[in-house]
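First up is the structure itself, then whatever we jot down about it.
Residue numbers count from 1 along this sequence.
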Amino acid sequence: MGERVSEHTARLQQQEREILSLSAEIQSLKNPQNLNLSPRLDELREENAKLKYRLNILKRSLQEDAPPCSKSMTNIHQRLQQLFDRAIRKSFPELDNPPLAVTPNQQAKFGDYQCNSAMAIAQMLKAKEQKVNPREIAERILQNLPDNELIQRTEIAGPGFINIHLKKSFVSKLLSNLLVNGVQPPPLPSRKKVVVDFSSPNIAKEMHVGHLRSTIIGDSMCRLFEFLGYDVLRLNHVGDWGTQFGMLIAHLQDKFPDYLSVSPPISDLQAFYKESKKRFDEDEDFKKRAYRCVVRLQSKEPDFLRAWNLICDVSRKEFQKVYDCLDVKLVERGESFYQELMTQVVKEFEDKGLVELDEGRKLVFCPGQSIPLTIVKSDGGYTYDTSDLAALHQRIFQEKADIIIYVTDSGQAVHFQVVFAVARMIGWYDPQVTRVEHAGFGVVLGEDKKKFKTRSGDTVRLMDLLEEGLKRCKDKLLEKERDKVLTPQELAKAQRAVAFGCIKYADLSHNRINDYVFSFDKMLDDRGNTAAYLLYAFTRIRSIARLANIDEAALRRAAETTEILLDHEKEWKLGKCILRFPEILQKILDDLLLHALCDFLYELATTFTEFYDSCYCVEKDRRTGEVMKINMWRMLLCEATAAIMAQGFAILGISPVERM
């Protein structure tokens, strides 16, 4: 085995050296100075094309031959796709981009996965006037399937479905790898930069339930990218600039004239905002003074910047209370950050002749879009369109982001669609290279299926909602008499974990695109697909080893020496379910729909329950309760389940506790 590894390593190193050499030669050929207008120009260009072709072949070979990182979890679905892709391309080299469809099998009796490509290939061949039976196509695919360690056997069913049965020894080996090395993500080809824009409350206004979804969804997306090894920048694009600050500063000057020397005791910024807005709407002299304050703020006069900073700081402290409860970390970069860049962006559009004047406004139209962007208002001021273009420009060119995601409500979908289209039109990014995406979400509804409001019709303050969650959760724990078995510290920890975990999970377990009904009763229910159920299930799984007096060191030793048997159908079902974790994460990476992770965790918990009910992990004397036998491979399945659940919770931003 050692000789094979050495030989393999040497081959990979040789390929890598050749790739570097070929890359250098290609770069040399690209440089006109090296060509010296040689009469061999055509010959050199032909050689360049050949080198590029060979370089791509070598890179693909290197990728296929490289052994999987021993510590990383293997994406079985992806590995099967690679195998069948090679088999299909070898079977039908005349087809460009032949269809590849490998999916998990819904019924265990038909195998673990299924390849459904044969029927689609038959249609492609028919279009080329070649009539081939899909079963014959399936047979040809199987004839060209490379040797591998994954597949035990295959069978052709129905019109041409290929049922795939995995090797138990392979699954067992992957489970052992997981237990020895922990839950490690698959290796990244390169470490990409990701910018996620989320939460984004407005200064001088309280965070309300509308900010809940953006904050929870955006944080979970960041956690996923961070776990997978990306370089993530979590941005809070707060509304900290604009005409509203004129009225706030004018009101501050009147109410707290000594604000420059004595910090004003503004405890209720929402009330302060309403007072200033009332004066702005009713008092013409105040309105004029407010506009003058805006001009002086935009001119960056020190006293006005100080007033602006005071107002922003009061808001930040209120926002931070919410972020602390939800364990969310953000880098604040508000609209004020982009003020100077907005001027440059407008000039760039003007210089490229993309601006149209309309009654004093400066507009940018984009072919295929129903509305234009207004980049300068008739009074010369900038707009949300301008600041969003400036922010996108900064993220592409200064942050050098490979992936940029905006997490806002679906009501802004058209706005971002136009902003992205305009950015592509001016040539800022190529969607084949840079992924720029709006991850929209529906609204939060009350149990009456209408927009979530207080009884008086006001928007629900987010801090009030979180405090209500804590209160209800404590009532639920006391109802279950958990105060009699937990210490006060353990009870408080469980209260926060369940309350905030349930609020997050209730949001994330729904498809973000849809509206969802906010109900404390449903989210705190410990039955069904809720955080309460999963947290209790996790605590029970963690307690199995403890109750059998097996410590972590013993479990670690067992993971290295004990083969995980998968002979019982429930053991086999659980083992396969555990290993689908990387597959689920890849799916979320593609579509940014986090409810798939919640569905998986619920499936894992219910699959574990089936296993635990059917397979004894610890066998005790029924009379004395003394432990008679420990089936260690089953204890290891318990540990693997808990490890995956813990990592799933971490991505969702949920904190499990050992005792509940």
Side-chain angles (χ1 to χ4, degrees), residues 193 195 197 200 202-203 233 235-246 291-302 304-305 308-309 312 331-406 408 412-438:
K193 177 76 173 279
V195 172
D197 177 328
S200 308
N202 289 311
I203 294 291
L233 176 59
L235 284 186
N236 198 3
H237 188 82
V238 297
D240 67 350
W241 203 253
T243 53
Q244 76 271 26
F245 282 94
Y291 280 129
R292 288 198 295 273
C293 286
V294 172
V295 173
R296 298 180 76 176
L297 173 63
Q298 290 176 340
S299 301
K300 298 188 177 177
E301 291 188 25
F304 288 83
L305 281 175
W308 172 71
N309 271 314
C312 289
V331 174
E332 184 185 308
R333 195 173 286 174
E335 292 167 8
S336 60
F337 180 86
Y338 304 101
Q339 288 304 299
E340 291 180 12
L341 188 54
M342 288 190 215
T343 306
Q344 297 170 30
V345 164
V346 170
K347 185 175 184 302
E348 183 176 347
F349 278 95
E350 287 177 329
D351 290 348
K352 293 189 177 179
L354 297 171
V355 174
E356 294 186 24
L357 292 174
D358 179 68
E359 297 180 351
R361 297 179 302 158
K362 292 181 180 179
L363 309 179
V364 176
F365 288 86
C366 183
Q369 301 302 317
S370 56
I371 55 172
L373 294 182
T374 302
I375 59 171
V376 180
K377 296 186 290 187
S378 56
D379 63 3
Y382 297 135
T383 67
Y384 286 122
D385 294 351
T386 332
S387 66
D388 280 336
L389 281 170
L392 182 55
H393 185 281
Q394 193 274 341
R395 292 162 189 180
I396 292 169
F397 293 104
Q398 292 180 29
E399 298 299 341
K400 301 192 184 314
D402 302 288
I403 301 170
I404 305 170
I405 298 166
Y406 293 78
T408 75
Q412 297 186 53
V414 173
H415 165 71
F416 281 112
Q417 179 184 313
V418 180
V419 169
F420 300 162
V422 165
R424 291 193 299 272
M425 178 182 74
I426 201 171
W428 286 354
Y429 77 95
D430 176 358
Q432 300 298 318
V433 177
T434 307
R435 179 182 179 183
V436 181
E437 192 166 338
H438 174 233

### Query
If every non-hydrogen atom of C312 is compared with every non-hydrogen atom of D240, which pair is closest and at what distance?
SG-CB, 4.3 Å
### side-chain contact (heavy atoms from CB on, under 4.5 Å) against K400, all qualifying residues, sequence neighbours excluded
none
### Query
N236 side chain to V331 main-chain N or O, any donor-acceptor pair under 3.5 Å?
no
### Query
Given E399 and Q394, is the side-chain contact (heavy atoms from CB on, under 4.5 Å) satisfied, shown in steps?
CA-CA 7 Å; E399 298 299 341; Q394 193 274 341; 3.2 Å; yes
What donor-acceptor contacts under 3.5 angstrom involve side-chain atoms of residues 412-420, with partners at least two apart or in another chain?
{"residue": "Q412", "atom": "NE2", "partner": "D409", "partner atom": "OD1", "Å": "3.4"}
{"residue": "H415", "atom": "ND1", "partner": "D385", "partner atom": "OD1", "Å": "3.3"}
{"residue": "H415", "atom": "NE2", "partner": "D388", "partner atom": "OD2", "Å": "2.6"}
{"residue": "Q417", "atom": "NE2", "partner": "Q369", "partner atom": "OE1", "Å": "3.0"}

### Message
Between S200 and V238 (side chain of the first, backbone of the second, donor and acceptor by atom type, cut-off under 3.5 Å), is there such a pair?
### Response
no
#### Entry: Charged N-O contact under 4.0 Å between E340 and K300
yes
## Note on the structure
Separation between OH (Y338) and CD (Q344), nearest 0.5 Å, reads 13.5 Å
### Query
What do the steps show when you test Q298 against T243 for side-chain contact (heavy atoms from CB on, under 4.5 Å), and what is the final call?
CA-CA 10 Å; Q298 290 176 340; T243 53; over 6 Å; no
### D430: salt bridge (Lys or Arg N to Asp or Glu O under 4.0 Å) partners, not counting sequence neighbours
none
#### Entry: Contacts of type salt bridge (Lys or Arg N to Asp or Glu O under 4.0 Å), residue R435, not counting sequence neighbours
E437
### Task
Kindly compute the distance separating CG (L305) from CG (L297), expressed to the nearest 0.5 Å.
6.0 Å
### Task
Just jot down the salt bridge (Lys or Arg N to Asp or Glu O under 4.0 Å) partners of D197, sequence neighbours excluded, or say none.
R395
## Note on the structure
Shortest non-hydrogen pair, T434 vs Y429, comes out as O-CD1, 3.8 Å
#### Entry: Exam field: side chain T386 to backbone Y382, donor-acceptor pair closer than 3.5 Å
no
#### Entry: Side-chain touch I426/L354, heavy atoms, less than 4.5 angstrom
yes
### Task
Can you sort out the partners of W308 under side-chain hydrogen bond (donor to acceptor under 3.5 Å, both in side chains), two or more places apart, ordered by chain and number?
none
#### Entry: Distance in Å, L233 CG paired with K193 NZ, rounded so as to fall on 0.5 Å steps
5.5 Å
### Residues that V364 engages under side-chain contact (heavy atoms from CB on, under 4.5 Å), provided they are two or more places apart
F349, V355, I375, V422, M425
### Message
Using a 6.0 Å cut-off, check whether atom NZ of K352 has over 12 heavy atoms from anything other than its own residue.
### Response
yes
### Smallest separation among heavy atoms of V294 and G246, with atom names
CG2-CA, 3.4 Å
## Note on the structure
Separation between CD1 (I371) and SG (C366), nearest 0.5 Å, reads 11.0 Å
### Message
The criterion is salt bridge (Lys or Arg N to Asp or Glu O under 4.0 Å); which residues satisfy it with K377, sequence neighbours excluded?
### Response
none
### Task
Check whether the side chains of T374 and Y384 place a donor and an acceptor atom closer than 3.5 Å, and report yes or no.
no
### Query
OH of Y291: more than 12 outside heavy atoms within 6.0 angstrom?
no
### Query
If you measure from CD on Q244 to CD1 on I203, what distance do you get to the nearest 0.5 Å?
9.5 Å
### Task
Using the test side-chain hydrogen bond (donor to acceptor under 3.5 Å, both in side chains), find all partners of S378 that sit at least two apart in sequence or belong to another chain.
none
#### Entry: For T408, side-chain hydrogen bond (donor to acceptor under 3.5 Å, both in side chains) partners two or more places apart
H438
### Summary
Between A390 and L341, the two heavy atoms sitting closest are O-CD2, 3.2 Å
### All side-chain contact (heavy atoms from CB on, under 4.5 Å) counterparts of R296, not counting sequence neighbours
E301, F304
### Query
Does any pair with a residue in residues 360-375 pass salt bridge (charged side-chain N to carboxylate O under 4.0 Å, His left out), and if so which ones, sequence neighbours excluded?
E350-K362, D358-R361
### Task
Starting at CG of L392, measure out to OG of S387 and round the result to the nearest 0.5 Å.
11.5 Å
